[in-house]
Protein chains: 2
Amino acid sequence: MALRYALLGLLTKGEATGYELNQRFKETMIHFWKAHHTQIYRELGKMEQEQLVSSHVIHQVEYPDKKLYKLEKQGQHLLLQWMMNMNVAQPTLKDDLLLKASLFHLIPKDVALSYLQKAKEQHLFGVGLMNEWRTTHFPGNEFSSADLGEYLTSEFGRRYMQHWIDWCDWAMAIIESEKNKESIERKQE
Amino acid sequence: MALRYALLGLLTKGEATGYELNQRFKETMIHFWKAHHTQIYRELGKMEQEQLVSSHVIHQVEYPDKKLYKLEKQGQHLLLQWMMNMNVAQPTLKDDLLLKASLFHLIPKDVALSYLQKAKEQHLFGVGLMNEWRTTHFPGNEFSSADLGEYLTSEFGRRYMQHWIDWCDWAMAIIESEKNKESIERKQE
DNA sequence: TACACATATGTGAAAATGCACATATTGATA
DNA sequence: TATCAATATGTGCATTTTCACATATGTGTA
């Protein structure tokens, strides 16, 4: 249900095609929302029927035609109503790696460690990308008033990844120390 | 698809009813997985058909009968296979509050601040609960080897909530300073 | 006395989501 | 020379997830 608010929200920054909206999703909303491109196209179609957005086709010679979507008054109204309604839906999260981590007692410690190492590297890479992104988009931590939200949530993403990295380090240290305990016990036998 | 691994994983700790599994979900997996109780019952039914788990009914006089589920060899095998397969699915996340936060430029700053204040309070409360839970389950940070996973992921949850609190503080400070800038601008006009 | 809550397990239907596939062209890489 | 990625928009189907509802009883609360 809230996917439409995400799309309407992106459209407040200007007209865009489904393809561009998908890209912006991946760029700026990846830390709190995921949507498959087929879902985005479908939702845009529905919203056009409900007259929340409108579109017109732009013919392209070298590439396929594209459909530029524009936020309509009704959509703007609906979005603002949602923003001003203080009800906040419960977040939903499914994290495969954390699920596996919760079951690390079932597998060899070295396998657990390699899961964590890999996760740490991915998040290290992510932090790097994010820092780059932020220095190009908000040089000197300056942002225009229309970018307030993006500024806040991109910092959330950066911190979230850093939190992951720190936790991976902590968890790997715990597992290493458990490994040591085991080898001491073996020696004493 | 991975819901079944979560359930199989919980069942490695002993037999349980669907009701209990739902409770354990809320207690220990809330920070990385959510499942509606109807989904849990349905998945258990499917897994029983596939002989991954088995059940027997326990008659109760004062309460409705309950069905105790037990992990079967095939289920154990499937779970371990999944644990040892290093493929990790992309996490999915939908966070209403962060979506709203990304659109804070659309609403008055005081409304934005009250969203953040509320979120901060909720996470403060959550950290408190988590600290209690951890001191009862892992007094002196001691844990049995079968609880390694739970020990690691509950710490993830604790840190995650702390990360939220810190971010809320940071974001509120940013918005306050933007408010001040505005009022200075108004005075200069 | 009425209502909510905990206990306990589900069904039917709708909505949301993901997967495989389809189309068409250019430019880059192996 | 062949394959892959980027551009651009979708359909059909299956799976996943949620929502409203149904059942039944004891206990605590307003």
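In what follows, chains are A, B, ... by sequence order, proteins preceding strands, each numbered from 1.
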Check whether A:D96 reaches the backbone of B:V88 with its side chain - one donor and one acceptor, N or O, closer than 3.5 Å.
no

Are A:L98 and A:L124 connected in a single hydrophobic cluster, I mean Ile/Leu/Val/Met/Phe/Trp/Tyr linked by side-chain heavy atoms less than 4.5 Å apart?
yes

Between C1' of D:dG10 and NZ of A:K66, the distance in whole Å:
17 Å

Distance below 4.0 Å between B:Y41 side-chain N/O and C:dG10 OP1 or OP2
no

Gap between atoms OH and P, on B:Y63 and C:dT7 respectively (whole Å):
7 Å

Donor-acceptor pair, side chain of B:H163 and main chain of B:R159, under 3.5 angstrom
no

Classify the side chain of A:R42 versus the base of C:dT17 as yes if they form a donor-acceptor pair under 3.5 Å and no if they do not.
no

Rounded to the nearest Å, what distance is computed from the NE2 atom of residue A:H36 to the P atom of nucleotide D:dA8?
18 Å

Side-chain contact, heavy-atom cut-off 4.5 Å: A:W164 with A:K120?
no

For B:Q90 and D:dT16, give me the distance from atom CD to atom C1', rounded to whole Å.
18 Å

When rounded to whole Å, the CG to C1' distance for the pair A:L21 and D:dG10 reads 15 Å

Ranking C:dC19, C:dA16, C:dA8 by distance to the side chain of A:Q39, first place goes to C:dA16

Euclidean distance, atom CG of residue B:L44 to atom P of C:dA8 [Å, nearest integer]:
15 Å

D:dG10, OP1 or OP2 - any side-chain N/O from A:K67 closer than 4.0 Å?
yes

When you check the phosphate oxygens OP1 and OP2 of C:dA16, does a side-chain N or O of A:K46 lie under 4.0 Å from one of them?
yes

Rounded distance in Å - CG (B:N22) to P (D:dT17)
14 Å

Is the shortest side-chain N/O distance from A:Q60 to OP1 or OP2 of D:dA8 below 4.0 Å?
yes

Note: for B:P64 and A:L3 on DNA chain C, the residue whose nearest nucleotide lies more 5' is B:P64

Has A:K34 got a side-chain N or O lying under 4.0 Å from the OP1 or OP2 atom of C:dG18?
no

Hey, does A:Q23 reach any base, or is it just sugar-phosphate, or nothing, if we go heavy atoms under 4.0 Å?
sugar-phosphate

Distance below 4.0 Å between A:T17 side-chain N/O and D:dT9 OP1 or OP2:
yes

Within this structure, what is the CD-to-P distance between B:E50 and D:dT15, rounded to whole angstrom?
11 Å

Side chain to side chain donor-acceptor pair (under 3.5 Å) involving A:Q122 - partner list, sequence neighbours excluded
none

Closest of D:dT18, C:dG10, C:dG18 to the A:T38 side chain is C:dG18

Side-chain N,O (B:Y19) to OP1/OP2 (C:dT9) below 4.0 Å
no

